[in-house]
Every structure is written in C-alpha cells, then in structure tokens.
Novice: 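Pasting a structure here, questions to come.
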Number of protein chains: 4
Amino acid sequence: MTKNKKRFIAVIGGGRCSAEETKLAEEVGRELARQGAILVCGGLGGVMEAACRGASSEGGITIGILPGESRQSANPYVQFPIVAGVGYARNLSVVKSAQAVIAVGGSYGTLSEIGYALQGGIPVIGLYTWSLFRNGQEDNSIILAQSPAEAVNKALNLATK
Amino acid sequence: MTKNKKRFIAVIGGGRCSAEETKLAEEVGRELARQGAILVCGGLGGVMEAACRGASSEGGITIGILPGESRQSANPYVQFPIVAGVGYARNLSVVKSAQAVIAVGGSYGTLSEIGYALQGGIPVIGLYTWSLFRNGQEDNSIILAQSPAEAVNKALNLATK
Amino acid sequence: MTKNKKRFIAVIGGGRCSAEETKLAEEVGRELARQGAILVCGGLGGVMEAACRGASSEGGITIGILPGESRQSANPYVQFPIVAGVGYARNLSVVKSAQAVIAVGGSYGTLSEIGYALQGGIPVIGLYTWSLFRNGQEDNSIILAQSPAEAVNKALNLATK
Amino acid sequence: MTKNKKRFIAVIGGGRCSAEETKLAEEVGRELARQGAILVCGGLGGVMEAACRGASSEGGITIGILPGESRQSANPYVQFPIVAGVGYARNLSVVKSAQAVIAVGGSYGTLSEIGYALQGGIPVIGLYTWSLFRNGQEDNSIILAQSPAEAVNKALNLATK
C-alpha cells in the first residue's frame with residue numbers, strides 16, 4: 001500500500017510578481033519542502049515559479065497544473081506537470097488538489113482560487129494578499145500570516161482533510 | 001444572418017439568499033428583460049432563481065449554466081438550461097458568457113466568479129456584495145450600484161465587447 | 001412558470017466537412033427547427049455552422065457552446081453563444097446539454113463526444129459517422145439513420161429524459 | 001534545474017474490468033515502472049487501479065487525475081492524486097498530461113479519451129480495446145499491441161513530444 005501520506009499544499013499568486021513576493025514565495029516553497037509537504041501550484045511563472053524553485057532547492061516535490069495545452073509552458077522547477085486542458089478552470093483543480101492553500105500577493109486569478117478554496121472548506125493562509133469585506137462587514141476567512149514560516153506552519157496544521 | 005445583437009448579462013449571487021437579496025435580484029431580472037438583455041446565470045436557486053423569475057415575468061430570455069449532471073436541477077424560470085458537466089468550473093462559463101456581470105450579495109462561489117470576471121476584463125457591478133482590498137489597499141474594480149435599475153444601466157453601458 | 005418543454009438536440013461533427021456533410025447537416029438543422037426542437041452544438045464552422053444555418057432558415061433556436069475565450073468565434077447562425085472557457089472540455093457540455101445527439105460525419109473530437117454521450121446514456125444517432133468495435137465485437141450503440149429526416153425523427157423519439 | 005525528463009504515459013480503461021484486463025493493466029504498470037516512465041491515469045478502480053498497483057510494485061510513480069471532489073476516491077496505489085473538480089472533463093486532462101496513451105479494454109469513457117488523444121496528436125496504443133471505422137472505412141490510428149511489453153515499448157518509442 002503506497003498511498004501518499006504526505007500533505008499537499010497549494011501556493012497561489014500572480015504569474016508576474018514583485019521582487020518581495022518572489023522572495024516570500026521562494027521561502028514558502030523551501031519551507032514546505034523542508035517539512036516534507038508536496039507543493040501544488042498553477043505551474044507557470046511569478047509566484048508559482050518562485051515557490052517551485054524554493055521547493056526544488058530543498059529536494060521537495062512540485063506539481064504544476066497548467067492552464068494551456070502544452071507541458072512546455074511549465075516553469076523549469078515543476079517536476080510533475082499536469083496539462084489540464086480546461087483553461088483557467090484549472091484554478092479549481094489547483095485548490096481542490098490541496099489540503100490547504102497559501103496565497104502570496106496575487107491578482108484576480110488568485111481571487112478566483114481563494115473563492116473556490118473557501119467555498120470548498122479548504123483553509124487559505126494569506127501572505128500580503130487579498131482581504132475581503134462582504135456587504136461592508138469584514139470576512140476573516142483568510143488566515144493571516146506575517147512570514148513564510150508562519151504561513152507554512154499554519155497551512156500544515158490546518159491540512160487535516 | 002441571425003447573429004444575436006442582444007446583450008448578455010450575468011447575474012451572480014448565492015444559491016441561498018436573504019429576502020432583501022431576493023427582491024433585488026428579481027428586480028434586476030425584470031429590468032434586464034425590459035431593456036431587452038439576455039440573462040445568464042448559474043441556473044440554480046436563491047439569487048439565480050429570483051433573477052430568472054423577474055426576467056421571465058417581463059418576457060425576458062434566461063440561460064442557466066448548471067454545475068450538476070442534470071437539467072432537472074435548473075430553477076423553473078430557466079428557459080435554456082446548459083448542463084456543463086464540469087462541476088463548479090461552470091462559474092467560469094457563466095461569467096465568460098456575459099458582457100457584464102451583476103453581483104447581488106453572494107458568498108465564496110460568487111467571489112470566484114468575480115475573480116474570473118475581473119481577470120477576463122469583464123465589468124462587474126456590485127449590489128451589496130463583496131468589496132476587495134489587495135495587500136491593504138482598496139481595489140475599486142467592482143463598480144458599485146445602489147439599486148437594481150442603476151446596476152442594470154451600468155451593466156448595459158459597459159457591455160461593449 | 002416558463003420552464004422549457006422543448007427538446008434539446010445536439011448536432012455534432014467536424015469543424016471542417018465535405019460538401020455532402022454540409023448538405024446533410026443543414027437539412028438536419030432545418031428539420032429540427034421545423035419540429036420545434038432547440039439545436040445545441042459546438043458553435044464553430046463545418047457541420048456546426050451548416051446545422052445552425054439550416055435551423056435559422058426555419059426560424060429555429062440555436063445554442064453554440066464554444067471552446068475558445070470569445071463569443072466572436074461563434075458562427076453567424078448561433079443565436080445564443082456560450083463561452084465555456086474550458087477548452088475542449090466543452091465537448092462534454094455539448095452532449096450533456098442535449099437529450100439526444102445526431103452525429104454527422106466527424107473526426108476525433110466527434111468521437112470524444114460520442115463517447116461522452118454513450119457514457120451518459122444519451123442516445124446517439126449516426127449519419128455517415130463512426131462505427132465502433134469493442135475488442136473485435138461490433139458495438140451497436142450508435143443508432144444508424146440514412147437521411148436527415150430519419151435522424152431527426154429518431155432523435156426526437158429518443159429524447160425522453 | 002529539476003525539470004522532469006521522464007516520460008509520462010497514460011493508462012486508460014474501465015473503472016470495472018475483467019480478470020484478464022486486470023492482469024494486462026497490472027503488467028503494463030509494472031513494465032512502465034521498470035522502464036522509468038511515470039504513470040498517469042484517472043485514479044479510480046478497475047484498469048486504473050491495476051495499472052497503479054503494478055507500477056507501485058516496481059517502485060514506479062503514479063498520478064491519478066480524479067473526476068470527483070475528494071482525494072479519498074483515489075485507489076490505494078495513486079501516489080499523487082489530482083482532484084480536478086471538473087467531473088469527467090478530467091478525461092481530457094488525463095490524456096493531455098501524457099505523451100502517449102495505452103488503452104486496455106475500456107468502455108465509452110475510454111472512447112472519449114481515445115477521441116481526445118487522437119484529436120490532440122497524442123499516440124494511442126491499444127490492448128484489446130476499441131477499433132474504429134469512419135463512414136465505413138477502417139481508421140488505423142489506434143496502434144495495436146499484443147502484449148503489455150509491446151504496448152509499453154510502442155508507447156515509449158512514440159512519446160517524443
């Protein structure tokens with residue numbers, strides 16, 4: 001019986017990102033790998049690439065679920081590219097394949113992923129990402145973290161399903 | 001040549017909703033129909049059903065793009081049920097099929113739709129729905145409306161693509 | 001209560017097709033419209049366009065579920081374009097949205113749609129299309145028709161769900 | 001740079017299957033693992049489970065792209081479960097994620113996958129599976145194999161993209 005007991009954590013964020021976000025995402029990837037978690041992401045550049053690079057540098061496993069039609073679009077640190085073939089509906093696949101999600105910055109695509117994760121009861125940890133108000137009231141569903149290490153620890157503690 | 005010149009407007013919101021949201025959504029549907037627009041929605045209950053009921057009462061056309069496997073899940077006011085067969089990836093189909101989106105209240109599924117719409121450059125009009133802050137700064141991409149009539153007018157004015 | 005009692009029939013086939021297939025598809029579309037059925041298709045050229053043109057010429061309703069990102073890719077006879085945004089996963093949406101499917105010729109994309117329809121218990125009528133052998137034994141699930149009128153009659157008789 | 005140079009081969013077939021198909025699929029899995037290929041499949045039972053069990057027994061890597069909403073539906077030999085969240089549109093993801101496809105027996109779902117693979121130019125090797133006639137003419141796109149070893153060798157030779 002080889003069923004994987006490792007935890008699957010998604011890292012989401014922009015396909016382009018700032019130098020600061022790159023640093024955060026890379027450190028999130030490194031820390032996930034050190035703790036033995038498997039990194040799931042959208043497989044492209046920006047935050048996704050930085051997180052994969054970090055995980056790879058520590059010998060971690062990286063899965064990239066791509067929006068396009070070709071495995072060639074994966075960043076060089078994706079070990080297992082999934083060519084979903086369903087366009088940006090792959091955003092749903094990224095979060096559903098994870099037991100917790102860490103959002104680093106991010107734009108509207110990231111927002112769609114946060115929505116899907118929270119709808120599905122998958123914990124979302126936020127590092128300098130979206131905050132949400134619903135009809136004027138703050139929604140605290142995104143769990144804040146101040147550092148990559150804190151984000152990873154919170155994600156792993158909540159990755160129970 | 002029968003290509004449709006009518007405008008396609010999506011109404012998004014919760015599958016369950018408050019009495020106040022029901023009233024707003026129904027009036028949005030009525031006003032869309034009066035102005036000759038075609039209503040696209042997720043085809044289920046709550047805001048979707050109220051909007052379809054409103055549109056139907058004024059003789060409007062309603063399209064419901066369903067998440068499940070059966071046309072039977074459509075609310076009774078959906079004239080053209082689309083059984084997407086792709087689960088909640090249908091959220092992407094709802095907004096992509098519209099030239100503008102009106103969000104009435106809504107929870108996390110609605111948030112995923114708002115994310116997809118804004119990512120795709122499709123205008124989003126908000127009636128008592130989410131407001132967004134990115135890394136502490138307000139994001140004003142959701143265009144506020146105070147009434148169904150205002151929401152519909154803004155949506156139709158922006159539905160240029 | 002405006003729930004649609006009309007039958008939804010999908011016409012599937014190649015995005016490019018022969019002159020003979022064009023003629024067949026157009027007549028299928030015309031006959032569906034005459035009998036009051038709603039035509040669902042993939043919205044593009046070839047068989048899809050010919051069927052829509054036929055249906056339109058008789059005042060029928062046409063729905064095109066598109067693979068791409070833009071409503072502009074619909075053929076000119078699609079009245080209600082659905083921009084699924086899920087690439088060729090829209091093949092699943094086309095057949096799931098129909099109560100019976102008529103295949104006119106067609107290549108491998110059509111084959112994927114036939115597979116989905118038969119898997120979902122949706123009747124498939126074939127006009128000069130694929131025939132199937134499973135492990136050397138003929139599979140007679142595709143119901144043969146010799147003319148557009150016969151195909152439409154068989155489809156409507158079987159469109160009971 | 002950790003980009004994966006291993007070949008990704010999909011094994012497709014029924015969620016239920018005969019004892020003979022089980023044996024074939026298990027041996028296909030074993031042989032793929034021995035040759036260092038990564039096995040992609042739909043993650044469920046039948047042929048998928050047998051192939052994963054075979055690959056696991058030789059220390060191979062197995063990826064299962066699931067149709068449902070939960071990783072719990074994966075068979076026990078799936079090492080990396082992908083929860084696509086898009087229903088049977090995941091059939092498209094299974095074949096698109098592979099450089100060649102081996103079909104063992106199979107029913108209509110398998111047929112949809114064969115259609116998608118051939119449409120996408122992905123080689124399909126058949127072991128006692130569908131054979132195809134288009135408008136009365138045999139279509140030889142499915143490459144026949146008489147044994148698991150032959151199927152795997154042909155798949156690996158053709159997995160060049």
Side-chain angles (χ1 to χ4, degrees), chain C residues 12-18 20-21 24 42 47 65 67 84-96 101 103-124 126-142 144-146, chain D residues 12-18 20-21 24 42 47 65 67 84-96 101 103-124 126-142 144-146:
Chain C
I12 63 175
R16 294 177 187 194
C17 66
S18 69
E20 181 57 27
E21 288 167 338
L24 290 167
V47 159
I65 307 179
V86 298
Y88 284 92
R90 79 76 150 88
N91 291 9
L92 177 57
S93 308
V94 168
V95 300
K96 287 272 182 187
V101 173
V104 181
S107 185
Y108 302 120
T110 303
L111 187 65
S112 73
E113 295 173 312
I114 290 172
Y116 274 138
L118 295 176
Q119 184 187 38
I122 299 165
V124 177
L127 265 172
Y128 308 99
T129 186
W130 293 98
S131 51
L132 306 172
F133 288 73
R134 188 167 12 174
N135 202 359
Q137 299 245 322
E138 188 158 11
D139 176 300
N140 292 308
S141 300
I142 300 176
L144 299 183
Q146 301 303 326
Chain D
I12 63 176
R16 294 178 188 192
C17 66
S18 69
E20 180 58 27
E21 288 165 340
L24 290 167
V47 159
I65 307 179
V86 298
Y88 284 93
R90 80 77 150 89
N91 292 9
L92 177 57
S93 308
V94 168
V95 301
K96 287 272 183 188
V101 173
V104 181
S107 184
Y108 301 120
T110 303
L111 187 65
S112 73
E113 295 173 312
I114 290 172
Y116 274 137
L118 295 176
Q119 185 188 35
I122 299 164
V124 178
L127 265 172
Y128 309 100
T129 187
W130 293 98
S131 50
L132 306 172
F133 289 72
R134 186 164 18 170
N135 202 359
Q137 300 245 322
E138 187 158 12
D139 177 300
N140 293 308
S141 300
I142 300 176
L144 299 183
Q146 300 303 327

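Throughout, protein chains are lettered first and strands after them, A, B, ... in sequence-line order, and every chain is numbered starting at 1.
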Novice: Please look at C:T129 and chain D and tell me whether the side chain, the backbone, both or neither of the residue comes under 4.5 angstrom of a heavy atom of that chain.
Specialist: backbone
Novice: Donor-acceptor pairs under 3.5 angstrom involving side-chain atoms of residues 111-123 of chain D: please list them, not counting sequence neighbours.
Specialist:
unit_1 : atom_1 : unit_2 : atom_2 : d
D:S112 : OG     : D:N91  : ND2    : 2.9
D:S112 : OG     : D:G109 : O      : 2.6
D:Y116 : OH     : C:Y88  : O      : 2.7

Novice: If a pair satisfies salt bridge (charged side-chain N to carboxylate O under 4.0 Å, His left out) and one of its residues is in residues 85-94 of chain C, list it, with sequence neighbours excluded.
Specialist: none
Novice: Among residues 132-139 of chain C, which ones touch chain D with a heavy-atom distance under 4.5 Å?
Specialist: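 Against chain D, the residues of residues 132-139 of chain C that fall inside the cut-off (heavy atoms, under 4.5 Å) are C:L132, C:F133, C:R134, C:N135, C:D139.
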Novice: Determine the option with the most heavy-atom pairs under 4.5 angstrom with chain C, choosing from D:G126, D:G105, D:S141.
Specialist: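 With the most close heavy-atom pairs to chain C, the winner is D:S141.
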Novice: Check side chain to side chain donor-acceptor pair (under 3.5 Å) between C:S93 and all other residues, then give those that pass, not counting sequence neighbours.
Specialist: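 Scan of C:S93 (side chain to side chain donor-acceptor pair (under 3.5 Å), adjacent residues dropped) gives none.
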